[in-house]
4 protein chains.
Amino acid sequence: MSTESANPRYRNERSHKAILDAALKLCREQGFAKTSVDAIAKEAGVGKQTIYRWWPSKAAVLVEAIDRQSAPSPDFPDTGDVLADLRDQMVIVARYFQAAQSSTYREVIGAAQSDPATAQVVLNTLVRPRVEGCRNRLEQARRQGQIRADVVLDDVIELIYAPLYYRLLLGTRPTTPEQVEVILNLAFDGLRPR
Amino acid sequence: MSTESANPRYRNERSHKAILDAALKLCREQGFAKTSVDAIAKEAGVGKQTIYRWWPSKAAVLVEAIDRQSAPSPDFPDTGDVLADLRDQMVIVARYFQAAQSSTYREVIGAAQSDPATAQVVLNTLVRPRVEGCRNRLEQARRQGQIRADVVLDDVIELIYAPLYYRLLLGTRPTTPEQVEVILNLAFDGLRPR
Amino acid sequence: MSTESANPRYRNERSHKAILDAALKLCREQGFAKTSVDAIAKEAGVGKQTIYRWWPSKAAVLVEAIDRQSAPSPDFPDTGDVLADLRDQMVIVARYFQAAQSSTYREVIGAAQSDPATAQVVLNTLVRPRVEGCRNRLEQARRQGQIRADVVLDDVIELIYAPLYYRLLLGTRPTTPEQVEVILNLAFDGLRPR
Amino acid sequence: MSTESANPRYRNERSHKAILDAALKLCREQGFAKTSVDAIAKEAGVGKQTIYRWWPSKAAVLVEAIDRQSAPSPDFPDTGDVLADLRDQMVIVARYFQAAQSSTYREVIGAAQSDPATAQVVLNTLVRPRVEGCRNRLEQARRQGQIRADVVLDDVIELIYAPLYYRLLLGTRPTTPEQVEVILNLAFDGLRPR
DNA sequence: GCGTAATCGAGACGGTACGTCCCGTCTTAGA
DNA sequence: TCTAAGACGGGACGTACCGTCTCGATTACGC
């Protein structure tokens, strides 16, 4: 880990951008695991130290790059119909998980399993802000009586988003827009026979 | 990858067991990522070649070890009450995910994100057999009218197990028996206000 | 190498002194090889650029520092007895070579083996002026008939001083006042049996 | 430094030879200081670890290479005339010091100034065996009355060889066959006027 | 005493090399 | 004949310094 002082006053923005771009490009071409910090530095025309000065690990670089340039926006639609809004947003996520670029995201989450620092930054940078957006939207829906009043919203979020992550990370089946329909159907109407 | 012929006729069972034990022990002590094949071989008192002869990677060793000695059994209880049986089994899973030993499982799933071969073996050895047990139990429940007739069972399985994996792999909150209650409540009764 | 104009008019004497002191101090504490320019700059409370502005290399800094503050004076005693004067001066050198501080001198000569610029500055700053003093003294001695008339003085200087450097740089034996006696005895009387 | 066990039983002689050759070649081409261990490994078609397994440093590799393939033999001629034998052997040394290949030797001695381990290996491998040969020859000469009976032989060796090293390492003048004549003349006949 | 220009401390930068770790394969000697 | 031990070629790691550069801030000179 770096022992640098890293005063952001002196940060070179050109290099910063070049590193994020190079990291994403190399991961797209050969995967996160086969992308070395050396290679990112070389591709970005940057010294390796410059990477270690500003990020604690390769994974941290990619979390930032994914957050800025790859992952779906944390903004949540609001048309008044929570079911429709959830469907729209989840379909975006499902399509992102299906797309080639999501494999970097997948690998970064993989790396987080062995490195608490990476897990933190994944959670805080990639997951939390997007959960936040969803929670706000659900809060309003609950106020408007579109969902049960007695639920804990984070439980709801997990219930409907977790199946997408499950497929992404366990690779059981691809995530599809149809899956989103199924999830929302089951989640809203329940499993109990009527 | 090994190019050995690996005739199981010559397989030394003492070494086989020693390798699985050593692998689990070292992962418990220092994590999967910091456990090298060299170290497993040394700990098991075995040549490195012996490991590569029978498994394609460190992860594959641990998949087998976890399946045999660590993960919850694929057998599913059947008391006639599907909700109670699900709860019982899911609580076992939740407790396993909370326990220290699950971190090896977690890291192996992490490693699978960057290695399709590992992903395959995780899916086939660890996930599928346990999903199978659950699917059989749900099938009977559906026949008995305890859950809706129109659901696809794998979708149901994902709906209720995915939140446990979500917490395990994203680290949002610990998995607890209480979470199991919440999940089953939401999943069976639905989010829609009555 | 610096491309600065480095007009000495603007030279900050406080910094100049601080750099020489810091360099010597760090070399004393941890050796020349482990002393980095960064460390000298930090120790001296000076920017790195300030060092590179006035010296072409770390070695050059230390040559100046040694010349000013560490090495024996280039002045040569003259009592009329050349043998006694040589002995006195050589004993000073021998003692200096034995002292801890000489290890910086030793390492600088070592660095000069790989860098012609350093070799030049060592020769011109540290060696030549001291050889000069010795040559003048020998010249007078020869005029007074205290040594053979047909010798080339630089050959004599090498003959008697080289053994001290030999021990210093090859580390065969420590340089001692006794060694000085032996050298002068052999050099003046010759090896041939009488 | 290596923590390997380095059991010579398993040493690959082809690699051993390739490393020594590559090291000498690169030092000849670009100097010892600019020759990196990486470069030697690449040139030799060898992993870097294989170098660190058998030698503690780049300098140690070159000491062995120089001893085997570059430096004058430790064998000392014996024609019965010690002065002639010394002259012959010293001329070989003087010529070696003048030749381009000696610059590697020079730089290795330079590196030894900053690293006691290298100093040891230079002394034991390169210097001592050659001094030994000379001492034996001088011993015989003394027995035969060709040199004074009261001298310590190592002092004599230093007296006559040190000037060659002095010129080599301080770079005052090139070492030449003529210098050898001068040294022997001064050393045998002494500085005192007759 | 004022404006300009060079120096100053600080430290980021593109690079090179370091010495270590581990990979997966190959070799050796001995049971 | 198979195994443990471990050497091998190779690649990546994270660190230490190199010598240059870019910042504002300070300092010293000539007008």
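Every chain is numbered from 1, with letters handed out A, B, ... down the list of sequences. As the structure is a prediction and not an experimental result, all values here were calculated from the model.
Not one side-chain nitrogen or oxygen of Thr50(C) sits closer than 4.0 Å to the OP1 or OP2 atom of dT7(E). Phosphate contact (OP1/OP2 of dG14(F), side-chain N/O of Tyr52(A), threshold under 4.0 Å): present. The phosphate of dT3(F) (OP1 or OP2) has a side-chain N or O of Arg53(B) nearer than 4.0 angstrom. Under 4.0 angstrom from either OP1 or OP2 of dG6(F) there lies no side-chain N or O belonging to Arg9(D).
Without hydrogens or angle criteria, Asp67(A) side chain to Val63(A) main chain gives no donor-acceptor distance under 3.5 Å. Of the possible polar contacts, one joining the Ser57(C) side chain to the Ala60(C) backbone as a donor-acceptor pair under 3.5 Å is found.
A salt bridge does not link Lys42(D) to Asp38(D): none of the charged side-chain nitrogens sits closer than 4.0 Å to a carboxylate oxygen. Under a 4.0 Å N-O distance rule, the pair Arg68(B)/Glu64(B) qualifies as a salt bridge. One finds no salt bridge joining Glu13(A) and Lys17(A) here, because no Lys/Arg side-chain nitrogen approaches an Asp/Glu carboxylate oxygen to under 4.0 Å.
Taking atom CD of Gln49(A) as the reference point, atom C1' of dG19(F) lies 15 Å away to the nearest angstrom. If you measure from atom OH of Tyr10(A) to atom C1' of dT22(F), you get 9 Å, rounded to the nearest angstrom. Look at CG on Asn12(A): it is 11 Å from C1' on dC21(F), rounded to the nearest Å. If you measure from atom NZ of Lys42(A) to atom C1' of dA12(F), you get 13 Å, rounded to the nearest angstrom. Straight-line distance from the CD1 atom of Ile51(A) to the P atom of dA12(E): 16 Å, rounded to whole Å. The CG-P distance, from Asp115(A) to dC13(F), rounds to 14 Å in whole Å. A straight line from CZ of Arg11(C) to P of dT27(F) spans 19 Å, rounded to a whole angstrom. If you take CD1 of Ile40(A) and P of dG14(F), they are 11 Å apart, rounded to a whole angstrom.
Inter-residue side-chain proximity for Arg11(D) and Trp54(D) is flagged as met; some heavy-atom pair is nearer than 4.5 Å.
In terms of position along DNA chain F, the nucleotide closest to Ala44(D) lies nearer the 5' end than the nucleotide closest to the other residue of the pair Lys58(C) and Ala44(D). With DNA chain E read from its 5' end, the first of the two nearest nucleotides for Gly47(C) and Ala41(A) is the one closest to Gly47(C). Two residues, Lys48(D) and Glu13(C), neighbour DNA chain E, and the one matched to the more 5' nucleotide by heavy-atom proximity is Glu13(C).
In this structure, Leu169(C) CG and Glu107(C) CD are separated by 11.5 Å, a value rounded to the nearest 0.5 Å. Interatomic distance, Lys25(C) NZ to Asp21(C) CG, rounded to the nearest 0.5 Å: 10.0 Å.
The stretch residues 105-113 of chain C has no heavy atom under 4.0 angstrom from DNA chain E at all. Residues of residues 14-39 of chain B having a heavy atom closer than 4.0 Å to DNA chain E, listed by number: Ser36(B), Val37(B), Asp38(B).
Paired runs in DNA chain F that reach 3 or more consecutive Watson-Crick or G-U pairs, where each pair keeps both distances under 3.5 Å, cover E:1-31 with F:1-31.
The two residues Leu126(B) and Tyr105(B) have their closest heavy-atom pair at CD1-CE1, 3.6 Å. The two residues Ile40(B) and Ile19(B) make their nearest non-hydrogen contact at CG2-O, 3.9 Å.
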**Asked** side chain to side chain contact (heavy atoms under 4.5 Å, CB included) between Gln69(B) and Leu20(B): does it pass, once the steps are laid out?
**Response** CA-CA 9 Å; Gln69(B) 302 173 33; Leu20(B) 296 181; 3.9 Å; yes
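Checked against Lys58(C) for a side chain to side chain contact (heavy atoms under 4.5 Å, CB included), the options Val37(C), Val108(C), Thr118(C) give a single hit: Val37(C).
The listed nucleotides are dC8(E), dC13(E), dC18(E); the one nearest the side chain of Trp54(A) is dC13(E).
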